[in-house]
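Just so we're on the same page: letters track the sequence lines, and every chain starts at 1.
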Amino acid sequence: MPVARIHRGTDNLCGMTNEPIPRHDEHDEDLPEQIRVRRDKRQRLLDAGQEPYPVRVPITHTIDQIRVAYADLEIDVATGDSVSIAGRVIFQRNTGKLCFATLRAGDGSEIQAMLSLDKVGEERLADWKSDVDLGDHVAVQGEVITSRRGELSVLADSWQLAAKSLRPLPVAHKPLAEETRVRQRYVDLIVRPQAREIARLRIRTVASLRESLTARGYVEVETPMLQTLHGGATARPFVTHSNAFDIDVFLRIAPELFLKRCVVGGLERVFEINRNFRNEGADSTHSPEFAMLEYYEAYADYRDMARTTRELIQSAAIAAHGSLQFTRMDGQERDFSGDWDEAYVYPSVSAAVGREITPQTPVDVLRELCEAVDIKPEKTWVPGKYVEELLEHHVVAQFTRPTFVYDYPEDTSPLVRAHRELPGVVEKWDLYIDGAEQGTGYSELIDPVIQRERLVAQSALKAGGDVEAMQVDEDFLRALEYGMPPSGGVGMGVDRLLMNLTGLNIRETILFPLVKPE
RNA sequence: GCGCCGCUAGCUCAACUGGCAGAGCAGCGGACUCUUAAUCCGCGGGUUGUAGGUUCAAGUCCUACGCGGCGUACCA
């Protein structure tokens, strides 16, 4: 039929999706029975001159408003108040001349609709039974009552379909397979209350971060996602091509170098919450695209930034859970209150390996210590890399409480200023929560001459085969040469924060994580 | 990347040593004016991830591939 052909032609023309959604226009017999039945119902409605997808339905109240307004009604009460509501049918009980349906709105609030023969009439009651399926959106007009069992209900005088659902909902009382939850998040959100809660918890948390920073006089900026050089972190980038400029460009791995340009220009308290892209492994704690918060503050040092970071995360925990002591969704309890623990890289590693390790310890000694615990050194490693590996291996898992680990090796931190007292060390901390790195903070390197030396050393690593090493960003160095005020800076993974707050896998905290096509 | 496990109805899962592919929910038809995962009677629904192979016979065994999970490696 013509309509079907138009749809199919349009799809082919667009070609914008590789979704294998089958086009069954002329092959209804191939469809699963339940989808075929629902398509037939849709067609039947159209043939009868009824609209399965109307532009508008009358709504006088949200379900939540009615829940609140009639919270204290006694059993079996008729209020005389007439309303019109809409929601998705999530549960049906059809008896002979009195039908019940539970409607749910997007905020999770639910109410019962009742359809009786004497109110809606024989024809509309029969229509309801034959046309309305689990998952349909409907609008119901009628009186607010409580049933004889006390359930708050709208006793319908009339009703309309608001949107016909052509696919059956999964069974409500069995957990959906994890793959389906990720691939079809919309279904997950419909059937699983916790999925809805996670989505909203993420929104609250990110809003809290913005509010905390804004309250401290920070301004939010948006810096390039497409960059001609990849810098600000050591990671493999995604590469794509600009047809207009005929150059390869990189999806950013970090916004750092642009935010520092902002500070040079006088945006002295600046932050960005946005996506970074890293062309590396994807597992339960890593996603190729992930949300990053970075913030920079002129005339602050790394100690100031640690305090701000703790306060930011504490506020976020309150936004997420209402308290600094909270139970995560995996059932574990956490306490983010008070001051947080501190540790120091070289003393911690020294204690763990049983001998003093300093930035001056010969690399041969470090290599032996690594090999003794099955850490396999690579030829691109600088001495500080060994120390960081030893820290990861021996120390980090001990940090069950949130812990700031201070004073990292200079040779692995090309964008951090040297420690004001300790040679070979930079003013950098990593924040660990539950043994996982949650964020990093610096006293920023602002001397353009030293910064150039560090980046040149990085590019030498890159020439030597280190695909993660940074490139020399001449424009960034030029900006520094105009003078950047002494500053502190922090980078913090937003997804990681959500994982720490919920105890969930990264794929649960991201609404639509990247998955291979089906 | 490597190793192990998995993929069966719309959903969640069964199916012994290779021997007629099943259940619950959902669906369809019928009954029921107070149900709450409603109940009762009846009925449909399957290219067992894909492609090969072994066998009288394959959901089950073998090979390859796809997708997923877990572990491991990698991940400033």
Quiz item: Distance check: side-chain N/O of A:R507 vs OP1/OP2 of B:rG69, anything under 4.0 Å?
Solution: yes
Quiz prompt | Salt bridge flag under 4.0 Å for residues A:D473 and A:K260 | solution = no
Self-check item: Whole-Å distance separating the CD atom of A:Q184 from the P atom of B:rC67
Solution: 17 Å
Exercise. Quickly work out the A:Q34 CD to B:rU12 P distance and round it to whole Å.
Key: 13 Å
Quiz item: When all nucleic acid strands are considered with a 4.0 Å heavy-atom cut-off, which category describes A:R38: base, sugar-phosphate, or nothing?
Solution: nothing
Practice problem: State the pairing partner of B:rU17; accept Watson-Crick or G-U wobble contacts with both distances under 3.5 Å, and report none otherwise. | Solution: none
Practice problem: Identify whether the distance between the nearest side-chain nitrogen and carboxylate oxygen of A:D301 and A:R417 falls below 4.0 Å. | Solution: no
Quiz prompt | Nucleotide paired to B:rC61 in any strand shown, Watson-Crick or G-U, under 3.5 Å | solution = B:rG53
Self-check item: Assigned partner base of B:rC28, Watson-Crick or wobble definition, under 3.5 Å
Solution: B:rG42
Quiz item: Checking all strands, does A:K174 fall into the base, sugar-phosphate, or nothing category for heavy-atom contacts under 4.0 angstrom?
Solution: sugar-phosphate
Quiz item: Reckon A:A235 touches a base, only the sugar-phosphate, or nothing at all at heavy-atom distances under 4.0 Å?
Solution: nothing
Quiz prompt | Watson-Crick/G-U partner (both atom distances under 3.5 Å) of B:rA23 | solution = B:rU12
Quiz item: What nucleotide among B:rC70, B:rC34, B:rU12 has an atom nearest to a side-chain atom of A:S147?
Solution: B:rC34
Practice problem: Please evaluate the base of B:rG45 for a donor-acceptor partner in the side chain of A:E33 within a cut-off of under 3.5 Å? | Solution: no
Quiz item: If you look at every strand shown and take non-hydrogen atoms under 4.0 Å, does A:P414 touch a base, only sugar-phosphate, or nothing?
Solution: nothing
Quiz item: Does any nucleotide pair with B:rG71 by Watson-Crick or G-U wobble geometry, both distances under 3.5 Å, and what is it?
Solution: B:rC2
Self-check item: Salt-bridge present (A:D188, A:R185; N to O < 4.0 Å)
Solution: yes
Quiz item: Is it true that the NZ or CZ of A:R303 lies under 6.0 Å from the centre of A:Y406's six-membered ring and within 45 degrees of the ring axis?
Solution: yes
Quiz item: Is A:R36 near enough to B:rC28 that one of its side-chain N or O atoms lies under 4.0 angstrom from OP1 or OP2?
Solution: no
Practice problem: Remember a base hit wins even if backbone is also touched, and classify A:A177 as base, sugar-phosphate or nothing at under 4.0 Å, heavy atoms. | Solution: sugar-phosphate
Exercise. Please report, rounded to the nearest Å, how far the P atom of B:rG10 is from the CG atom of A:L176.
Key: 15 Å
Quiz item: When rounded to the nearest 0.5 angstrom, what is the spacing between CZ in A:F277 and CE in A:M292?
Solution: 13.0 Å
Quiz item: Quick one: A:I90 CD1 to B:rU36 P, roughly how many Å, whole number?
Solution: 15 Å
Quiz item: Is the A:Y432 ring parallel, tilted or perpendicular to the A:F399 ring (thresholds 30°, 60°)?
Solution: tilted
Quiz item: Is any side-chain N or O of A:K516 closer than 4.0 Å to OP1 or OP2 of B:rC67?
Solution: yes
Quiz item: Is there a side-chain polar atom (N or O) of A:K129 under 4.0 Å from OP1 or OP2 of B:rC28?
Solution: no
Self-check item: For B:rU48, the Watson-Crick or wobble counterpart (both distances under 3.5 Å)
Solution: none
Quiz item: Is B:rC7 paired to anything, Watson-Crick or G-U wobble with both distances less than 3.5 Å, and if yes, which nucleotide?
Solution: B:rG66
